[in-house]
Amino acid sequence: MKKNILSLILALAIVAQAFAQKQTPPAGGTPKDFKLPAKAGKELANGLHSSLVQYGALPKVDVQLIIKTGNMHCAANEVWLADLTCQLMKEGTTSMNFKAISKKVAAMGGEISIFNGMSNVNISGSVLSEFAPELIKVIGDIVINPAFPASEIERLKSDLKRQLTVQKSVPQSQASEKFFQTIYKDHPYGRLYPTEEMINSYTLDKVKEFYTKNFGAKRSVIYVAGKFDDKAVAQAIDETFGKWIAGPEVNFPAVTPVRTNEIAVIDRKDAPQTTVMLGTPTITPKDKDVVALQVTNSLLGGSFGSRITSNIREDKGYTYSPFSTIQDRRGASVWYEQADVTSKDTGNSLQEIAKEIRKLQNEAPSKEELEGIQRYMAGTFVLQNSNPGGIINQLNFLDLHGLEDSYLTDRVKNIYAVTPEKVSQMTKDHFKYEDMTLVLVGDKKLLEKQIKQHEAAKKMK
Amino acid sequence: MYSCNPKKSDESASSFKVPVEYYKLKNGLKVALSQDKTAPTVAVAVYYNIGFRIEPKDRTGFAHLFEHMMFQGSQNLGKKEFIKLVQSNGGILNGSTRFDFTNYFEVMPAHKLETALWAEGDRMKGLAITQDNLTNQQDVVKNEVKVNVLNQPYGGFPWLDMPQYANENWFNAHNFYGDLKDLDSAKLEDVSKFFKTYYSPNNASIAVVGDFEIKDAKKWIEQYFGEIPKADLPAKPDISEPKQEKEKRFTKEDKLAEKPAIAFAYKMPERNSPEYYAMGLIDQMLVQGQDSKLFLALVQSKGYAGSVNGGINYLGNMYNYSGPMVWMADLIYDANVSPDSILSQVDKAVAELQTNITQEDLNLAVVKIRSKLYDDLGGSFGIGRADMLACFALFDDDPSRINNIEEEFKKVTPELIQKTAQEYLRSTNRTIIIVDPKAAKQ
């Protein structure tokens, strides 16, 4: 009963507001200058590159050694061998064991991380400024003189197997594995998880062989960003990495992603939601239209205020955290929308996504809507370049994809150059719902009906 | 007011102090301003002194549901317009609900500070929510609980579980994400009542961090918040926890998990006491980083787990809460390991802290915590600094504390570490949750 009174008051308030003019938000002042932080660096005789960026007032420094290898260099029966190599590398060098390294870097205010991805191995630390040269030396020692202690390998294999079991019980991981397998087929980019049997088969010799074949100066860049002593850092890099072997050339396996409208269902009994991944191969960062693609993605599903998110979350309440993104691998990119949606609304969600894509294909967005997205992207670009880790990410992105500096320096200009018509054209050319790969992880008995809605959505005009 | 340049101090090679300007508006709104001209951006954070701890007893999850309602429309900004306004001005935004506060923040290009302040002021003045908006966000929040808890292995473990098992007082021990049926029964009148009760300027703080001029910020804050009337605040409920005298152990079945997991938690000393700072350093020694005692024992030496998580306040850090709290750690392990063999390693590490701590051990912990503190003060586009300033304003009426924390850690002695470990890392002050994995192997 009280609810009725409240509703009435609200209704009155709405009527009143229709007459009273709403306040317009203050526009703010004039934009401040933003320049990309300057970088210095060079190439050593063995082919190792360095890239140094002084940034900020905080007495800290990020050091990252990034090597262009990873699971892309693992054979079909050796998935995660790169992970095991990295884990074993972390166990110590010929002169310092794990405990000694950990203690030493802790005393600098940080710790060593070794991250192994598809195309990058990243050995890094973030420490108090004065320790930058010392940290560089430790990172160099780890990558140049790994001890690969045989005593630790079985423990690390158990850790990987445990990690595998846990990750494969997560619905989003199950969806990703199937989705990228469908698009990349037999290519390493399509192999996210090994089997337990594979991990069991890995030996110390295999680890050493992977290391010798894939690690070396030519494939490596050392990034230093934050506050640090230029001269001491440059000297530490020369002394530490000058003696490293040149090693193998940079080598990215050739790749052709498959465009297929296959539907894959992974049964998850009684799941209260369906994890949806819907997507398609798309243009890479080297393409002249890449910024237009990114703008289109932000407007369609890649931001909180985007059309798909507005629709299936803020209007329909089907899901909490929908998003679309472009995953860039070297030589291949994939656009996809991902959402965990209430099971019974799986088909409805797909239809709404299809509708939003169609709508953008048929009708250019308003200038106002597009400008909002452009300002959002320009703003987040400043944020991406406003911390040491972010700066290194940007520079590594250029290096990984073989891009010119102009990719960053002209970025804001390029974002604003995209027109409403271009967005609509990009959607027609690159977002073809009927050609998209669909993966559903959910309760199979409920999904048959939902897939029919997907089939209907494909024919939508 | 406290102000100091980020210069090197005499004591250590790196040190970092931040400028703080603090005052209150006539309506009681606490304001903390801190310049940082590193990047042309500005962070605005509004904190309300209402966390899920003290939400209504028949409405579990309501504080969090209400957080969602703050994006559903105010006097001058309709549904979706708040988000659009921030993003189309080049900013990012979010909100979150924690033990002792609910916060809303934006990071904007520096010249858009006034826009953000206007928008926050607008929703502090009042909301304009319809039943449709409420129903929609009830659906969204139920989907949030499903994706984060109900459809995940280890969902809610241990961050949502432990407070419910370790604490005795309902305020600390209820399901703060909310039972789905409680979420369903929320009414528009609840929204209106909750707003009137807790979302007033005298129950809030605002922090601005970044590249802006103090006089501009002061002018706009007065302009957009100064006229909002203060409200009568309800008496604070008793949120204290009784002293724990007996170890508690629970098993939780998890139908989606395939490996067992364990979490163990000890009740913390009172916030801002000398023992509290000692626990901050104990946390560093026990579980933070690869040199920590538990990492070396459980991961490196015994191989029970690939990693061990831990810390004070899993929904934030040791600075952004104000009521009872636990120090906790957790790990996932294999079924052939018994929980007691894990706990015996924990007991061994704790015994070292209780009896054998050198000044050198302590110095190492101080370096680690300082380094982390600098990240909080300077990183994340100003959000970390704004968080501390807003919390210290809200809880202590003293945001300049931000510059004293480092000193407080440095005051801790090896004796205090031992005493604190003896008093608080007692097994009788401990709660254990073991996840019993019930998923069929796939």
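Below, read A as the first sequence line, B as the second, and so on, with proteins coming before strands; counting in each chain starts at 1.
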Original post:
Is it true that A/Asp340 and B/Lys146 make a salt bridge, defined as a side-chain N closer than 4.0 Å to a carboxylate O?
Top reply: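 No salt bridge links A/Asp340 with B/Lys146.
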Subject >> Ion pair check, B/Lys80 and A/Asp315, cut-off under 4.0 Å >> reply: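 Answer for the salt bridge query: yes.
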Original post:
Going by heavy atoms in the side chains, are A/Asp270 and B/Lys255 under 4.5 Å from each other?
Top reply: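 Sidechains of B/Lys255 and A/Asp270: no contact.
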Where does [X] contact chain A at under 4.5 Å (heavy atoms): side chain, backbone, both or neither?
X        : result
B/Lys79  : side chain
B/Ala110 : side chain
B/Gln137 : side chain
B/Ile332 : both
B/Thr41  : side chain

Original post:
Out of A/Lys316, A/Arg313, A/Lys103, which one racks up the most heavy-atom pairs below 4.5 Å with chain B?
Top reply: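 Of A/Lys316, A/Arg313, A/Lys103, A/Arg313 has the most heavy-atom pairs under 4.5 Å with chain B.
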**OP:** Select one option (side chain, backbone, both, neither) describing which atoms of A/Val105 are under 4.5 Å from chain B's heavy atoms.
**Re:**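 When you check distances to chain B, no heavy atom of A/Val105 falls under 4.5 Å.
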Subject >> Result of checking A/Thr319, A/Asp345, A/Thr342 against B/Asn143 for side chain to side chain donor-acceptor pair (under 3.5 Å) >> reply: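 Testing B/Asn143 for a side chain to side chain donor-acceptor pair (under 3.5 Å) against A/Thr319, A/Asp345, A/Thr342 leaves exactly one candidate, A/Thr342.
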Original post:
Parallel, tilted or perpendicular: which describes the rings of B/Phe295 and A/Phe98, with under 30° parallel and over 60° perpendicular?
Top reply: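 B/Phe295 vs A/Phe98 ring planes: parallel.
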